[in-house]
There are 2 protein chains.
Amino acid sequence: MIEARAVRIVGKGDVAALTLGTLGVRDAAPGEVRVRVVAAGLNRADILQRKGFYPAPPGVPADVPGLEYAGTVEQVGEGVRELAVGDRVMGITGGGAMATYVNVHAREVLRVPEGMSLTDAAAIPEVFLTAYDAMFSQGGLGFGQLVLVHAVGSGVGTAALQLGLAAGARVVGSSRTDDKLERCRELGLRDGLCVRDKTFAAEFAELTRGVLADVILDTVGGAYLADNLKVIASQGRLVIVGLLGGAAAELPLGLLLAKRASVIGTVLRSRSLEEKIAVTQLFARTALPWFESGRLKPIVETVLPMTEVREAHTRMEGNATFGKIVLAWD
Amino acid sequence: MIEARAVRIVGKGDVAALTLGTLGVRDAAPGEVRVRVVAAGLNRADILQRKGFYPAPPGVPADVPGLEYAGTVEQVGEGVRELAVGDRVMGITGGGAMATYVNVHAREVLRVPEGMSLTDAAAIPEVFLTAYDAMFSQGGLGFGQLVLVHAVGSGVGTAALQLGLAAGARVVGSSRTDDKLERCRELGLRDGLCVRDKTFAAEFAELTRGVLADVILDTVGGAYLADNLKVIASQGRLVIVGLLGGAAAELPLGLLLAKRASVIGTVLRSRSLEEKIAVTQLFARTALPWFESGRLKPIVETVLPMTEVREAHTRMEGNATFGKIVLAWD
């Protein structure tokens, strides 16, 4: 057992619920490693958890947020051969990553690419694994297909944009501000779609000259459901990974049948360990090398000290950020 | 060119729009056979087409209904080796099956099982291919999984029930009348669910003692959407093949994400020839032999002469039928 510093959620509600405290972290169990966390990416789920809407799954501390980390292996559990003390690692976890130590299964970690800082690395796991799993494993996106990425300037959006282009797909990215679309052009976005008043079907059709979306990666949910069904192609897959635009909306079933489309809901956090390992290992094999070549890169809006976790939440809730906010221990 | 007798839709609306007339049918093109139709199954789509809601796709007569047929090969097109004149065949087609002759691609037909009458055979293609494709190809139903089949006493329902049991799945069947559930018990249904007032989640949970549905085969659509999401399992697949209960409803996206569920719309009619061939050939290889052994059987409510097509529509619209209505030429 070791005493870690940790962000703790006391009660629920606004950012005042976030405090710095301590957390007892046990030794690494067989198959696990204990990671000394250097930095952790902030996610929308942390905000939901702070508000009391997204309780931690069993097996992780209930009141310590943090779904991803980057750091170094500090202790190696029995039977672990893949990793050694001092290795630089990053990964997703069900919670508790905003602590100076976290235990994770050795197969659930990714090696940090050579030459990359740990604060950059902390911006990778959650958004790149989410976008990868949603677009390819759930959505079946392939070479030459068209993917519509909503909120393309967000953490998941900037990851999806890069992954989609790497996979040879045509990426149309939507955002509510021209400024974010402009910044995405530097990441290779050619087809930017500025969404006003929650509708985009007409502008999408004009932009693509009638080509429809084989896959839609959507973090918005309710507000975009109707127009998503309008722009989806025959046998298209609408993969919903977030509900920033509402948790319910009318589904036009006539269009769903006529287009033989699928609406797929997905989350990473509640998955079983073996599923998370499978996602991680697939990503490690296929996408991770692209970070070393520089073709993929983490998009970091800012790095703040962990002591400024309240400020970090406030900025994310302001929706003006581009890419990820990373929190670092001193 | 040959002159066939045919049901024709004149105008649109109630059953008075249905008349008997003639239709010129060309010679079988290369790769096709011309079938002398003995009987054709009636489908909900025929009623929708009569009402003007479901126009025929390109390439089939616009005003001759009929999506399935059974008969004998009357003429063989160039290059066809699989079939010979006189062979007993059945199959789906995009329209025009309610005529005494219809041209179909030779790979799009199924052989009628030995010893089965052509009026029984006419009750097979549409409902068995629809149920097979929806449950297995779209829904990924497997051995030991639980499938909820709505309207289990319908044509698609009775086919799905038999196919699900043949595949080693547990089948829960819903109906709005106890009488239809009782008749389904003779087909092997153990878990019958009588739906009153469009809700069934509580009764389903009681019946299965909390086991959820891996796959739901739904012909109802809107009215059942909310409860379908309640009873679906983690990573479950809701496959919607019909909209008898409304074409739009609110989709509870929170549940969709939490359960990582999929909502899949599907239809057979509008698919390309090559897709229909693929569905047909897969069915021929896997399910068709089960008809010869008697494990699968067409469920025929009644056989009426084609001259009584109006009466057939009226009966189907009355919703009191069990299984299929077949129309036969004299």
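The chains referred to below are lettered A, B, ... by the order of the sequence lines, with proteins before strands, and numbering in each begins at 1.
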CZ of B:Arg170: more than 12 outside heavy atoms within 6.0 angstrom?
-> yes
Leading residue by heavy atom contact count with chain B [cutoff under 4.5 Å; candidates A:Leu255, A:Val263, A:Ile264] | A:Val263
Could you list which of residues 216-240 of chain A have a heavy atom closer than 4.5 Å to any heavy atom of chain B, in residue-number order?
-> A:Gly221, A:Gly222, A:Leu225, A:Gln235, A:Ile240
B:Gly242, B:Ala249, B:Gly246, B:Ser270: which one forms the most heavy-atom pairs within less than 4.5 Å of chain A?
-> B:Ala249
Looking only at heavy atoms, the pair that brings B:Val241 and A:Leu257 closest together is C-CD2, 3.7 Å
Got B:Arg260 and A:Val267 here, is their nearest side-chain heavy-atom distance under 4.5 Å?
-> yes
Go through B:Lys259, B:Glu250, B:Arg269, B:Gln138 and name the one with the most non-hydrogen pairs under 4.5 angstrom from chain A.
-> B:Glu250
